[in-house]
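A quick write-up on the structure given underneath.
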Amino acid sequence: QVQLVESGGGLVQAGGSLRLSCAASGSIFSLGAMGWYRQAPGKQRELVATITTRGSTNYADSVKGRFTISRDNVKNTVFLQMSSLKPEDTAVYYCNLVGGFWGRGTQVTVSS
């Protein structure tokens, strides 16, 4: 059983920064691609960024140049550095591990 635990969410003013972390634990033999998704109230969950085991990254157009995804394969942790935050970035952010594993999410609120 794999467990993903997100942390680092909070309230920040527009233009500010936050760093999210997702720690994976459990029966992990080889950590696959991981990613961050988000879901705003009344909207569908959407991709924010993904990263493969080798470090190849992919970003949603809306966050390119502002967000950076990275991972520590020794500590089984993935990070999302968010800068120049906008009110439209407000959402619950979820960590994902390939294979259908999800964390419970962490709230990010950006005030204008």
Side-chain angles (χ1 to χ4, degrees):
Q1 187 70 20
V2 174
Q3 294 179 333
L4 302 175
V5 180
E6 302 98 336
S7 61
L11 173 64
V12 64
Q13 289 187 333
S17 300
L18 281 175
R19 188 189 194 211
L20 305 183
S21 300
C22 173
S25 62
S27 304
I28 299 174
F29 298 99
S30 61
L31 208 59
M34 297 190 73
W36 288 96
Y37 291 71
R38 66 187 182 186
Q39 187 167 16
K43 296 187 178 181
Q44 291 187 332
R45 190 173 298 188
E46 63 177 5
L47 169 72
V48 175
T50 61
I51 185 167
T52 68
T53 53
R54 294 187 177 184
S56 296
T57 59
N58 179 55
Y59 295 93
D61 288 342
S62 60
V63 306
K64 282 181 180 177
R66 301 189 297 121
F67 291 9
T68 302
I69 189 171
S70 60
R71 65 190 293 164
D72 183 332
N73 289 332
V74 174
K75 297 182 178 180
N76 290 342
T77 303
V78 64
F79 306 96
L80 185 69
Q81 178 66 49
M82 305 185 294
S83 302
S84 301
L85 283 161
K86 304 175 182 180
E88 51 263 44
D89 294 318
T90 295
V92 177
Y93 284 71
Y94 296 91
C95 177
N96 170 265
L97 169 64
V98 66
F101 301 101
W102 293 91
R104 292 187 174 185
T106 185
Q107 176 71 46
V108 172
T109 303
V110 184
S111 62
S112 57

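Val98 and Val5 are assigned to two separate hydrophobic clusters, defined by single-linkage of ILVMFWY side chains at heavy-atom distances under 4.5 Å. The same ILVMFWY cluster, assembled from side-chain heavy atoms under 4.5 Å apart, contains both Met34 and Val2. Connection of Val12 to Val63 is established within a shared hydrophobic cluster, with ILVMFWY side chains joined at heavy-atom distances below 4.5 Å, either directly or through further cluster members.
In this structure, Glu88 CD and Ser112 OG are separated by 10.0 Å, a value rounded to the nearest 0.5 Å. The OG1 atom of Thr50 sits 4.5 Å away from the CG atom of Asn58 when rounded to the nearest 0.5 Å. Interatomic distance, Phe79 CZ to Thr68 OG1, rounded to the nearest 0.5 Å: 13.0 Å. Residue Thr106 holds its OG1 atom at 9.0 Å from CG of Leu18, rounded to the nearest 0.5 Å. The distance from atom OG of Ser17 to atom CZ of Phe67, rounded to the nearest 0.5 Å, is 9.5 Å. Gln39 CD to Gln44 CD: the interatomic distance, rounded to the nearest 0.5 Å, is 8.0 Å.
Counting all heavy atoms, side chain and backbone alike, Ile69 lies closest to Tyr59 at N-OH, 2.9 Å. Taking all atoms of both residues into account, the shortest heavy-atom contact from Ala14 to Pro87 is CB-CD, 4.1 Å. In terms of heavy atoms, Ala91 sits closest to Gln107 at O-NE2, 3.4 Å. The nearest pair of heavy atoms linking Ile51 to Arg71 is O-NH1, 3.2 Å. Gly9 and Leu20 get closest at one heavy-atom pair: N-CD2, 3.6 Å. Nearest heavy-atom pair across Leu4 and Ala24 is CD2-CB, 3.5 Å.
Here the side chain of Thr90 pairs a donor or acceptor atom with the backbone of Val110 at under 3.5 angstrom.
Taking 4.0 Å as the cut-off between side-chain N and carboxylate O, Asp89 and Lys86 do not count as a salt-bridged pair.
Hydrophobic cluster membership for Val92: Tyr37, Leu47, Tyr94, Trp102 (Ile, Leu, Val, Met, Phe, Trp, Tyr linked by side-chain heavy atoms under 4.5 Å, directly or transitively).
Proximity of Trp36 to Glu6: side-chain heavy atoms (C-beta onward) are separated by under 4.5 Å at one or more points. Met82 places none of its side-chain heavy atoms less than 4.5 Å from the side chain of Arg66. Taking the side chain as every heavy atom from C-beta outward, Ser21 and Lys75 never approach each other to under 4.5 Å.
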